J.: 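Before I ask anything, let me first share the structure, which is written out below as structure tokens.
Values in this document were obtained by computation on a predicted structure and should not be read as measured data. Counting starts at 1 for both ligands and their atoms, in listed order.
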Amino acid sequence: MAKIVVKTPLVELDGDEMARVMWAMVKEKLILPFLDVKIDYYDLHLPHRDTTGDRVTVEAADAVATHGVGVKCATITPEPGRVKEYGLTRMWPNPNATIRARLDGTLFRCPILVGNIRPAVSGWKKPIVIARHAYGDVYQNAEIRAGGPGRAELLFTPEGGAPAERVLIQEFGGPGVVQGIHNTDDSIRGFARACCAYALERKIDLWFGTKDAVSRTYDGRFRAIFEEVFDQEYRQRFQAAGITYFYALIDDLVGRVMRSAGGMLWACKNYDGDILSDLLASVFGSLAMMTSVLVSPRGHYVYETAHGTVERHYRRHLMGEPTSSNSLALIFAWAGALAKRGELDGTPEVAAFARRLEQAAVTVIESGRVTADLVEMVEPRPSRHLSTEEFVDAVAAALPPPYSARAARGSTVTRVWPLSYLGPRYSARGPELSQGGV
Ligand code: NAP
Ligand code: MG
């Protein structure tokens, strides 16, 4: 069988631990047998980041900026324990933060819906998409451990000789901690535009919340820029599309989302999005049941997983014990990247393959063949779970001809959710903007 040709190189960012193990399986069994794809490979495995002085992470981000589309495996963010475990020369920064800081942009995260899992929040009738601002705040912070009594201040020195601004943070009477964070008007504006464009494209309401009642200047700037972008660029188009922009304090908003029927784009500041996307994924089954894509304001895309390296499973894998890790988010990351590559290259056969791959993976889950994380969630409850590798093999077998030697097997369970629940624009695919969307 002739392989499908992918025109432009795809940037691959390999990662760590169990995610790396699954990554290799997915690539070997679900991608390379079917596609003739030139891969621009960057190994973000922690020891290699250490050997290259983390240059590899920066080069990978730049390669995404060159080629336009990347696919990223989960990576370890070093902390003191990891420095010891891997004998690192330094506690290298979070690679996701490095990449996001270089490319800027917004992460769109969407639960992967399957017919035989009911969301744990029974009121949610429609999917909620999270838009997580991917620049700044605590992810690019500067921190000091104050060793004892002393004065901590914020100091801003403007270029061009204007007087410096100085604000007291705290007069310490004893030891403590201090943190400095930042954001830029440009990045916040890009975030606001990406959210408005996405909501308009999908015709869904946009909700946004910050803590501007407490953080009047910092969070207040987010609120003001969103209002400015909405008023000046989107108000009329939203009205014409019959959708709304809604702002509330973040704590109020969380309660309202829980009581809602879902169906909105929920714009979150960086940290809020980090926390709330894990919560959302879990409501829909597992951390592996969510897609995540970074969309930069210049139209670059990094498809990734919202979950991490699944360290606990990796420890078992290293001991030679069987594992049952869910590769669905990884499969969707590859599929999302390929679909986008197909769209940008004008090669619909590549995008069609990506869609078939997603469908095959969903079909396997809907037939009740699932990894351990989903056993308690799917209806009817399966009698056993698949191993990590069995799941990938099942997806390969479910790829319809000409992709698979074996015919695809259809769903054998009654759908708990009618497919109409997904809506016409919510096939099993993850969210993404068409190129002109941002
Ligand atoms: P994690 O890797 O997301 O895993 C947390 C737990 O969630 C797992 O122990 C497992 O639960 C469950 N889980 C997550 N993904 C799963 C999957 N695909 N299949 C089945 N179960 C899954 O988070 P973590 O253990 O806190 O972090 C591990 C490492 O990942 C850390 O070094 C962190 O820095 C890194 N991280 C990377 C990224 C990224 O690169 N995108 C994101 C987050 C964290 P059970 O053990 O109960 O089965
Ligand atoms: Mg996270």
J.: Who gets closest to atom 25 (O) of ligand 1 by heavy atom: E17, E311, H313?
T.: E311
J.: Please work out, at 4.0 Å between heavy atoms, whether the side chain, the backbone, both, or neither of N96 comes within that distance of ligand 1.
T.: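 N96 to ligand 1: side-chain contact only, backbone stays beyond 4.0 Å.
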J.: Between T210 (side chain) and D212 (backbone), is there a donor-acceptor pair under 3.5 Å?
T.: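 Checked: pair present.
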J.: Can you confirm whether something in the protein, heavy atoms only, sits under 4.0 Å from atom 39 (C) of ligand 1?
T.: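 Yes; the ligand atom in question has protein heavy-atom contact below 4.0 Å.
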J.: Just jot down the ligand 1 atoms closer than 4.0 angstrom to any heavy atom of T305, in number order.
T.: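 Contacts of ligand 1 toward T305, numbered from 1: 41 (N).
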J.: Does the ring centre of H133 sit less than 6.0 Å away from the ring centre of Y139?
T.: no
J.: With F246, which of F208, W207, F230, F226 fulfils ring pair (Phe, Tyr, Trp, His ring centres under 6.0 Å)?
T.: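 Of the listed residues F208, W207, F230, F226, the ring pair (Phe, Tyr, Trp, His ring centres under 6.0 Å) partner of F246 is W207.
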J.: So between S286, A329, G308, whose heavy atom ends up nearest atom 44 (C) of ligand 1?
T.: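 Ranked by closest heavy atom to atom 44 (C) of ligand 1, first place is G308.
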J.: Can you tell which of L13, L10, V293 makes a side-chain contact (heavy atoms from CB on, under 4.5 Å) with V71?
T.: L10
J.: Which of the numbered atoms in ligand 1 are below 4.0 angstrom from a heavy atom of A74?
T.: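 Answer for ligand 1: 39 (C), 40 (O).
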J.: Any idea which protein heavy atom is nearest atom 19 (N) of ligand 1, and the distance to it?
T.: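 Its nearest protein heavy-atom neighbour is N326 N, 2.9 Å.
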J.: If you take the nearest heavy atom of each of E79, R312, H307, which one is closest to atom 47 (O) of ligand 1?
T.: R312
J.: Taking S327 for its side chain and L330 for its backbone only, find out whether a donor-acceptor pair lies under 3.5 Å.
T.: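 It does not hold such a pair.
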J.: Apply side chain to side chain contact (heavy atoms under 4.5 Å, CB included) to V64 and Y42, showing your working.
T.: CA-CA 11 Å; V64 173; Y42 295 84; over 6 Å; no
J.: Would you confirm whether S260, through its side chain, and G262, through its main-chain N or O, come within 3.5 Å as a donor-acceptor pair?
T.: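 Indeed, once roles are kept as given, a pair shorter than 3.5 Å links the two residues.
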J.: So which of V310, T323, L328 gets nearest to atom 8 (C) of ligand 1, if we judge by its closest heavy atom?
T.: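 Nearest heavy atom to atom 8 (C) of ligand 1 lies in V310.
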J.: Are any side-chain N or O atoms of T66 and backbone N or O atoms of D62, one a donor and one an acceptor, separated by less than 3.5 Å?
T.: yes
J.: Among K72, E304, R82, which residue places a heavy atom closest to atom 32 (O) of ligand 1?
T.: R82
J.: Checking a contact table here: which protein heavy atom is nearest atom 28 (C) of ligand 1, and how many Å away?
T.: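 Going atom by atom, the protein heavy atom closest to atom 28 (C) of ligand 1 ends up being T309 OG1, 3.4 Å.
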J.: When you measure from the Mg ion (ligand 2) to each N, O or S atom of D274, which atom gives the shortest distance?
T.: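 Nearest to the Mg ion (ligand 2) within D274's N, O and S set: OD1.
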J.: Distance to 0.1 Å, residue and atom name: give those for the protein heavy atom nearest to atom 33 (C) of ligand 1.
T.: T77 N, 4.1 Å
J.: What are the two closest heavy atoms between V69 and A337, and how far apart are they?
T.: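 Residues V69 and A337, closest heavy atoms: CG1-O, 3.6 Å.
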J.: Identify the protein heavy atom lying closest to atom 35 (C) of ligand 1, giving its residue, its atom name and the separation to 0.1 Å.
T.: T75 O, 3.4 Å
J.: So which heavy atom in the protein is nearest atom 5 (C) of ligand 1, and how far is it from that ligand atom?
T.: L287 CD1, 4.3 Å
J.: Do the numbers put K3 on top of the ring of F34, so that NZ or CZ is under 6.0 Å from the six-membered ring centre and no more than 45° off the axis?
T.: no
